[in-house]
Protein chains: 2
Amino acid sequence: MRYVHVTMLISLARRNMAMSEPNHNHETHLTMQVVNHIRRLIENGTLRPGDKIPPEREFAQKLKISRASLRAGIGHLAAMGVLNVRHGVGTFVADGPPALGGVSLDILRALHGYTTAQMFEARRILESHLAALAAERGREEHFTALAEEVTEMYATFHEPQEYLIHDMRFHRTIAEASGNPILAVLMETITAALYDERRKTVERSRDLKQSAEVHRELYRAIRSRNAREAREVMERHLHMAESAQVNEQALAKEEKRPAAKKKSARASA
Amino acid sequence: MRYVHVTMLISLARRNMAMSEPNHNHETHLTMQVVNHIRRLIENGTLRPGDKIPPEREFAQKLKISRASLRAGIGHLAAMGVLNVRHGVGTFVADGPPALGGVSLDILRALHGYTTAQMFEARRILESHLAALAAERGREEHFTALAEEVTEMYATFHEPQEYLIHDMRFHRTIAEASGNPILAVLMETITAALYDERRKTVERSRDLKQSAEVHRELYRAIRSRNAREAREVMERHLHMAESAQVNEQALAKEEKRPAAKKKSARASA
DNA sequence: TGGTGGCAGTGGTCTAACCACTCCAGGTTA
DNA sequence: TAACCTGGAGTGGTTAGACCACTGCCACCA
């Protein structure tokens, strides 16, 4: 782990100046300046993944700002997944697997009314390409990992929660095998929300064995480097998955509301 | 604008308890609790896009936490684009056009070494589908907007910066016409980084008229609802765009380093 | 009528102190 | 010797209260 002495500091604009003209939009807020400052340090290589940034008190003093403002900036970057704050240890530049969203489509759906159908459509487009790319570019290690997950799926199709984990890993491995981490991240962003939803209803599923079969078929297409077939199977699989999830949700809804008319009372403080 | 009285507060866990067991990972930090609290309010409809959340002092008091902690949580949500903070006015639930990333691939590239080729590949996959969907689902108003942008492109192909704006708008309109806002957001995330890069080099481009031609072709394919052709033309267009950008960057690099060996000195404070 | 100055409301920043978590060195105990 | 405490140093998390800076609007004045 490199501990970086962030010496050459880009001077932050001063505040508290009595005769300053009105504050404008963009790069005024101190916290944004902190964000940009650290971003620059990362972009130009001064800070690299895994590096530890200086302790807050020290860093704040060097930047000639209060610790609170520094923390606001760090908070921003942490929210975006760029920094990784560990209480009692330090703050580090993210280095693990990337994560684009942070927003989790859950919220976006609440804000903009995204439908499950749209999410599945997006997923279908991304994953079918991912499967094709994986067939073209996948390496032996990927195939091995895929085979293992399929095996696990057969072994756990009577145990939905467990099954779901291997399902997820299978798809993630395909994404990795595609050789395009950007597409992989985009997929992850979408499926995270989808899986999260599915976890609540998967118990009711009765087609997990059939699902395992499809995954096996998918594996064989990829392994034999048949990109066209991989794409098609994936597309078919996801169409099935969509119907399955819709069914499960319908079941869940019925269960919760056993012929009653009221929509379930809302608790208040 | 609804001003919401956030009455029923989900009780936030207490801290500062002398006999508390060690702090664990997830939902401990006060700031995360604030994030989750507000997120819940949005997800269950208590807070809706455009709503104003209570003033910080008041809200903090209601939640029984310090203003600083509340601000940390708000900062997180603001970083993710969920909240919109306006100095001197208030804090609002985002309602404008969504924005997934926030991270801007720029950083991700610095952190994980994404290449421009990968970004173009991702873009190609997304946009070709977007074009096909637009051909299938686009409405008259979209076609009109597309036609206007093409016209503007012809009118400004001698003025690169201006041209680029219409180029961007053209593609954005296609995304809108596709009827899938999720795919649109994903595309926006990628192209934002790409355009940002291109803005620096587009001055050197000498093929803008040809580019306008392709866009016109694309428009005609979409307008005539020929999904297959739309996809193909888009794919071809983006392949061309990629080579063009690579060329421009090569030119730019040569220009900056006129046969000298040094890599340009770096200024220090 | 048309400014325009100022006030009220709200977010932004600062300070200084203290709390809570991690890690590890160094002593204690079995 | 080996396993176990213990406490301190380092670092992020939280609090409190004060003050600064921006926005919008209303009352006053020309």
Side-chain angles (χ1 to χ4, degrees), chain A residues 1 3-4 6 12-35 37-38 51-79 83-93, chain B residues 1 3-4 6 12-35 37-38 51-79 83-93:
Chain A
M1 172 185 73
Y3 182 104
V4 174
V6 185
L12 297 179
R14 297 276 28 104
R15 69 294 174 199
N16 291 1
M17 297 185 299
M19 71 314 266
S20 64
E21 56 275 348
N23 216 345
H24 284 318
N25 333 336
H26 286 308
E27 318 313 7
T28 2
H29 298 338
L30 263 196
T31 117
M32 278 314 163
Q33 296 182 36
V34 172
V35 169
H37 180 61
I38 296 179
D51 283 353
K52 180 177 182 298
I53 73 173
E56 296 183 349
R57 292 162 179 82
E58 183 184 325
F59 203 4
Q61 193 177 0
K62 250 191 301 202
L63 295 177
K64 301 230 248 301
I65 61 177
S66 77
R67 199 182 148 208
S69 296
L70 173 63
R71 279 178 60 76
I74 289 176
H76 249 70
L77 290 166
L83 292 181
N84 199 319
V85 183
R86 293 166 57 191
H87 189 175
V89 184
T91 300
F92 304 80
V93 178
Chain B
M1 172 185 73
Y3 182 102
V4 174
V6 185
L12 297 178
R14 295 273 34 98
R15 68 291 175 201
N16 290 2
M17 296 185 301
M19 71 313 269
S20 63
E21 55 278 347
N23 216 345
H24 284 318
N25 334 334
H26 287 307
E27 318 311 6
T28 2
H29 299 338
L30 265 195
T31 116
M32 278 314 162
Q33 295 181 38
V34 171
V35 169
H37 180 61
I38 295 179
D51 283 353
K52 181 177 181 300
I53 73 175
E56 295 182 350
R57 292 164 180 82
E58 182 184 326
F59 203 5
Q61 195 177 358
K62 253 191 298 201
L63 294 178
K64 305 230 239 318
I65 60 177
S66 75
R67 199 182 149 211
S69 296
L70 173 63
R71 280 178 59 76
I74 289 176
H76 248 69
L77 290 166
L83 291 182
N84 198 320
V85 184
R86 293 167 56 190
H87 190 176
V89 183
T91 300
F92 304 79
V93 178

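Reminder, nothing fancy here: chain letters follow the sequence lines and each chain counts from 1.
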Distance check needed: D:dG12 C1' versus B:His76 NE2, whole Å only.
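Taking NE2 of B:His76 and C1' of D:dG12, I get 14 Å after rounding.
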Rounded to the nearest Å, what distance is computed from the CD1 atom of residue A:Ile74 to the C1' atom of nucleotide C:dT13?
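Those two atoms, CD1 and C1', are 16 Å apart.
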Roughly how many Å is it from CD in B:Glu58 to P in C:dA8, rounded to a whole number?
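Rounding to the nearest Å, CD of B:Glu58 and P of C:dA8 are 18 Å apart.
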Starting at CZ of B:Arg57 and ending at P of C:dA8, how long is that distance when rounded to a whole Å?
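Result: 15 Å.
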Out of D:dT15, D:dG12, C:dT15, which nucleotide sits closest to the side chain of B:Ile65?
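Nearest listed nucleotide: D:dT15.
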Any idea which heavy atoms bring B:Gly75 and A:His76 closest together, and the distance?
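Nearest heavy atoms, B:Gly75 then A:His76: O-CE1, 3.6 Å.
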OG1 on A:Thr91 to CD on A:Glu56, rounded to 0.5 Å:
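Those atoms lie 5.5 Å apart.
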Working to the nearest 0.5 angstrom, can you tell me the gap between A:Leu70 CG and A:Ile38 CD1?
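These two atoms lie 6.0 Å from each other.
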Rounded to the nearest angstrom, tell me the gap between atom CZ in B:Phe59 and atom P in C:dG12.
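One finds 15 Å between P of C:dG12 and CZ of B:Phe59, rounded.
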Value in whole Å for how far the P atom of C:dT13 lies from CG of B:Leu70:
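For the pair B:Leu70 CG and C:dT13 P, the rounded distance is 15 Å.
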Just compare C:dC14, D:dT15, C:dG11 and give me whichever is closest to any side-chain atom of B:Arg67.
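Selected nucleotide: C:dG11.
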Show the nearest heavy-atom pair for residues B:Thr31 and B:Ala72, with the distance to one decimal.
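Answer, listing the atom of B:Thr31 first, then B:Ala72: CB-CB, 3.8 Å.
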Return no unless some side-chain N or O of B:Thr91 is found under 4.0 Å from OP1 or OP2 of C:dG11.
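Yes, such a contact exists.
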How long is the line joining CG of B:Asn84 and C1' of C:dT10, in whole Å?
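Those two atoms, CG and C1', are 15 Å apart.
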Measuring from A:Leu83:CG to A:Lys52:NZ, what's the distance to the nearest 0.5 Å?
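A:Leu83 CG to A:Lys52 NZ: 12.0 Å, rounded to 0.5 Å.
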A:Arg86: partners by side chain to side chain contact (heavy atoms under 4.5 Å, CB included), with sequence neighbours left out
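Testing A:Arg86 for side chain to side chain contact (heavy atoms under 4.5 Å, CB included), a comparison that skips the adjacent residues, returns A:Asn84, A:Val89, A:Phe92.
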NA contact type, A:Arg86, heavy-atom cut-off 4.0 Å: base, sugar-phosphate, or nothing?
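It contacts sugar-phosphate atoms only.
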Quick one: is C:dC14 close enough that its OP1 or OP2 comes under 4.0 Å of any side-chain N or O from A:Ser69?
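So the side chain of A:Ser69 is within the cut-off, an N or O lying under 4.0 Å from OP1 or OP2 of C:dC14.
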Could you state the CG-P distance from B:Leu63 to D:dT14, rounded to the nearest angstrom?
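Atom CG in B:Leu63 sits about 13 Å away from atom P in D:dT14.
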Of all the heavy-atom pairs spanning A:Ile53 and A:Ile74, show the shortest one and how long it is.
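Heavy atoms of A:Ile53 and A:Ile74 come nearest at CD1-CD1, 3.9 Å.
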Strictly under 3.5 Å: I want the nitrogen or oxygen pairs between protein and nucleotides 6-10 of chain D, one per line.
unit_1	atom_1	unit_2	atom_2	d
D:dG10	N2	A:Gly88	O	2.9

